[in-house]
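Below is one structure, written out as structure tokens, with a few remarks after it.
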Amino acid sequence: MRSGEFPAGRLTGGMVAAAIVALDQAAKALVERALPIGDSIAVVPGVFSLTHVENTGIAFGLAGHLPLLVPAAIALTFLFLLFYNKPDWTRLPMIRPALALLAGGALGNLVDRIRLGAVIDYLDVRVWPVFNLADVAVTVGAGLLIASWVRRSERTPRGGDS
């Protein structure tokens with residue numbers, strides 16, 4: 001790779017993150033137009049609804065009323081990991097997709113925080129706090145990251161285990 005050239009893996013990760021942000025923002029715009037805050041539409045009665053809420057905390061309504069700086073720092077950390085980090089662990093097969101999902105989800109929610117001071121949530125499974133597509137991306141990305149680290153540690157020989 002020549003100096004200044006953008007690696008294909010990072011470009012793909014950036015495109016995945018951008019697609020997540022775009023889909024997340026489009027879904028939130030539809031919810032904002034179709035449902036007043038607090039209203040709900042049953043999709044599968046008693047199981048799944050679309051419910052418009054504004055979340056001032058982190059994912060799934062946890063830690064309410066965070067200052068904008070906290071989620072901004074989280075999103076910027078993910079972007080740094082996705083685009084600028086070059087250690088060997090980022091070359092594992094699931095790491096780049098995991099970081100792309102994490103970055104896309106974090107940025108999707110950050111856009112809301114900057115625009116509204118809160119995140120629009122709308123997926124309501126009735127047994128869990130209301131969440132959104134960005135939260136799903138962050139959760140799946142974190143799961144892939146953890147699974148990759150677990151698989152890596154299982155393959156790494158441990159000293160003294162003869």
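Being a predicted model, the structure only gives us computed values, none of them experimental.
Screening residues 18-29 for salt bridge (charged side-chain N to carboxylate O under 4.0 Å, His left out) gives D24-K28, K28-D112 as the qualifying pairs, with residues at least two apart or on separate chains.
Residues satisfying the salt bridge (Lys or Arg N to Asp or Glu O under 4.0 Å) criterion with D124, sequence neighbours excluded, are R126. With sequence neighbours excluded, no residue forms a side chain to side chain donor-acceptor pair (under 3.5 Å) with E54.
Between the side chain of Y122 and the backbone N or O of L133 there is at least one donor-acceptor pair closer than 3.5 Å. Judged by distance alone, the side chain of N132 and the main-chain N or O of I120 form a donor-acceptor pair under 3.5 Å. At least one donor-acceptor pair closer than 3.5 Å links the side chain of T139 to the backbone N or O of D135. Listed for the H52 side chain is no donor-acceptor partner under 3.5 Å among the backbone atoms of D39.
Clustering ILVMFWY residues whenever any of their side-chain heavy atoms sit less than 4.5 angstrom apart, transitively, puts L30 in a cluster other than the one holding V21. Taken together through direct or relayed side-chain contacts under 4.5 Å among Ile, Leu, Val, Met, Phe, Trp and Tyr, V125 and V136 form part of one hydrophobic cluster. Residues V119 and L23 fall into different hydrophobic clusters, defined by Ile, Leu, Val, Met, Phe, Trp and Tyr side chains chained together at heavy-atom separations under 4.5 Å.
One finds the CZ atom of F48 at 10.5 Å from the CD1 atom of I41 (value rounded to the nearest 0.5 Å). To the nearest 0.5 angstrom, F131 atom CZ is 5.0 Å from L123 atom CG. The CD1 atom of I114 sits 9.0 Å away from atom CG of L107, with the distance rounded to the nearest 0.5 Å.
Contact of the R115 side chain with the L110 side chain is not registered, since no non-hydrogen atoms from C-beta on lie closer than 4.5 Å.
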Quiz prompt | Step-by-step side chain to side chain contact (heavy atoms under 4.5 Å, CB included) determination, V138 to L101 | solution = CA-CA 6 Å; V138 167; L101 289 168; over 6 Å; no

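Here the shortest heavy-atom pairing between L35 and L50 reads CD1-O, 3.5 Å. The two residues S49 and S40 come nearest to each other via the heavy atoms CB-OG, 3.4 Å. Minimum heavy-atom separation, L144 to A98: CB-CB, 3.7 Å. The two residues I20 and G104 come nearest to each other via the heavy atoms CG2-C, 3.6 Å. Considering every non-hydrogen atom in both A134 and N109, the closest pair reads CB-OD1, 3.4 Å.
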